[in-house]
Amino acid sequence: MLDVRLFRTEPQLVTDSLLRRGIHKEQIDEIVALDAQVRELSSSRDELRSRVRALSNEVGQLFRSGDKEAAEDLQSESRALGAQEKDLDLQAEELSAKLRDALLHMPNMPSEDAPDGASEHDNVVVRTEGFDPESYAPHQRVPHWDIGTEHGILDVERGVKLSGSMFVMYRGAGAALVRALCQLALDRNADLYEEVRPPTMVRTATMVSTGHLPKFIDDAYHLERDDLWAIPTAEVPLTSLARDEILDESSLPMRFMAHTSCFRREAGSAGKDTRGLLRVHEFDKVELFAYSTESQAQQLHAEVLARAEQLIADLGLAYRVLDLCAGDIGASARRTFDIEVYAPGVERWLEVSSVSWFGDYQARRANARYRHRDGKGTGICHTVNGSALAVPRVWAALVETNRQADGSIAIPELLQPYMRGLKSIGGQLGV
RNA sequence: GGAGAGAUGGCAGAGUGGACGAUUGCAACGGUCUUGAAAACCGUCGAGGUGCAAGCCUCCGGGGGUUCGAAUCCCCCUCUCUCCGCCA
C-alpha cells in the first residue's frame, strides 16, 4: 500500500500519478479527508489518555500516603475522563479502519518511466527477437493440443475428468518436459538466487501482503474449512518470507527463487483463450524474487528481466518484450515488463513472464523492513519479482515451434540432460 | 485428535495491579587505551504514530473484559514446545 503521508504531503503528485491508471480524484480526496479526521480524533484522544494516566498516578500516590478521600475524588474524575476517552477512541478506530481499507484498495503509483495508456492495447513493444512470421512451415502451424494428443503427451480430456475444464494432465515425455523446464530454470539461476520451496497454501495475511487480497478475492482459490488460500504465484509466500521482520541492510539485496504450483480461478475470463494450455487453473512456475533497498531495486528489476529473457532466447523461442502502460500494470506494481513468446501453432503471442518492480508497496503491506547500515532507523524494503519460467505456455510454444516435418518434436539441447537424454518426442531421432 | 507447559526488545531472560517501554546479560554502535587488534573501562542502544519543537500517545503473541490505573487479573483465539494417538 502507499504511504498515507504521501497523500497528506503530496496530494497533487499522488493524484496525477493515480489518474494515469484510472483512479478517480474523489477516491484520493476521500483518503486525504479521512486521514485528517483520524489524526484530529487521535490527538484529542491521546490528550485525554495522558490526563487519565497522570490522574491514575496521583491516585496511587494518595492511596499510599493514606489520603483516601482525595484519592476517591480523583478516581471519579478519572473515571469520567476515561468514558470520554473511550468514546473518542471508538470513533478514531472506526475511521482509521475505513482509511486502511481505502488504502489497501488503492493501487501503486506507476513509475514515471512507464508509458501512458489505458489498456493492454497501449503497451509498448520494446523489442522482438527471433520472430519471422513467414518462416514457419506448415508442420509448425499445428496447435499444441493436437500435437499433444498425437504423441500422448498432453491429456486434456482426462485432466477435465479429474478436475474440470482448464485443468490439464501431462503424460510421458510431456510430463518430463514440465519437470525439465522447471529444473533448467532453477539451475540457471542458482548462481545468485537461493532456492526456496514454500508452502502452496497460505493464510489470509500472506495474500494481503502482495495485494492479491482484498481486491482480487475472486481470482483466488480458498479452502474455507481451514481458511487457507492456494497461492496464485510463489511471489505470495516469498513476499511474506520477511513479513514483520527487520533485515540488515548489509544482507540486501536478498534473492530467492521458487518452483511451485500456481492456482488461478480465472474468474473474469470464462470461455476466453481456454483451449489447451492457453489458460489453465493450475500450473508450474519458477519465480525469481528479491528484497532490496530503494536504490538497488531498479537494477534488480533489469537483472530479473535479463535472466527471464535469456532463458526464453536460449530455448530457441521467438519472443518480444512489452513495457506495460500505466493503465495495464498490475495494481501492486510500479513498472512491469512482460515477455511474450510466439506460438506458431495457435498463431499468437503468449505471455510467459511478468517482471515487476513494486517499490515499497508490497513490503509496506508485509511490514518487511531493513535496518540502515549506520544503525539509525529502519526503511521499508523494495521488492522485485518475475517469472523465470511459467510452464504451460512455454511448453505449448516449444512443442509447436519444434515440430518437425515428420511430426516429431525436437528437444532443445539444453533440455536433453533433464529428459534422460531424450532428443526427440515421437520421431526416429529418439534414443 | 487428547493432556500439559509456554509466548516479554536483534538474541537470552527478569518482572505477577501503581513512576515499567520494561532489571540484567549477550550482540551491535561510538569513545578511551594500543603500532594495530583483543581485553578492560566509559557511553549509546527496541519499533511506530503525531507535532516546528518540547512533548504526548501506541506496542510485552492477537482480540475482548475488569480497574482510577494492566506486561501483571479474567475470557476467547492463534502459534510454539513436551507427552500420548494417528500418519507420508
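In what follows, every chain begins at residue 1, and chains take the letters A, B, ... in the order their sequences are listed.
- When the shell of 6.0 Å around CD of A:E94 is examined, it contains 12 or fewer heavy atoms from other residues, nucleotides or ligands.
- Scanning RNA chain B for stems, defined as runs of 3 or more consecutive Watson-Crick or G-U wobble pairs whose donor-acceptor distances all fall under 3.5 Å, gives the following ranges: B:1-7 with B:78-84, B:10-12 with B:24-26, B:28-32 with B:40-44, B:46-50 with B:55-59, B:61-65 with B:73-77.
- Considering only side-chain N and O atoms, A:R371 lies nowhere under 4.0 angstrom from the phosphate OP1 or OP2 of B:rC29.
- If you take CZ of A:R243 and P of B:rC79, they are 13 Å apart, rounded to a whole angstrom.
- Spacing between atom CZ of A:R364 and atom P of B:rA47 amounts to 18 Å, rounded to whole angstrom units.
- The ring pair (Phe, Tyr, Trp, His ring centres under 6.0 Å) analysis of residues 179-220 of chain A, with sequence neighbours excluded, yields no pairs.
- In this structure, the side chains of A:N402 and A:I411 stay at 4.5 Å or more apart for every pair of heavy atoms.
- With contacts defined as side-chain heavy-atom distances shorter than 4.5 Å, the pair A:M1/A:R100 qualifies.
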Give the C-alpha distance, both sets of side-chain angles, the deciding distance and a yes or no for salt bridge (charged side-chain N to carboxylate O under 4.0 Å, His left out) between A:E266 and A:R264. CA-CA 5 Å; A:E266 302 290 356; A:R264 303 191 177 177; 5.2 Å; no

Could you run down nucleotides 53-73 of chain B 5' to 3' and tag each one B, S or - for protein heavy-atom contact under 4.0 Å? ---SSS-------S-BS----

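- A 4.5 Å side-chain heavy-atom check between A:F63 and A:Q75 finds at least one atom pair inside the cut-off.
- Rounded to a whole Å, the CG atom of A:L228 is 13 Å from the C1' atom of B:rU78.
- Rounded to a whole Å, the CD1 atom of A:I246 is 17 Å from the P atom of B:rC45.
- In this entry the distance linking CG of A:D244 with P of B:rG10 reads 12 Å, nearest Å.
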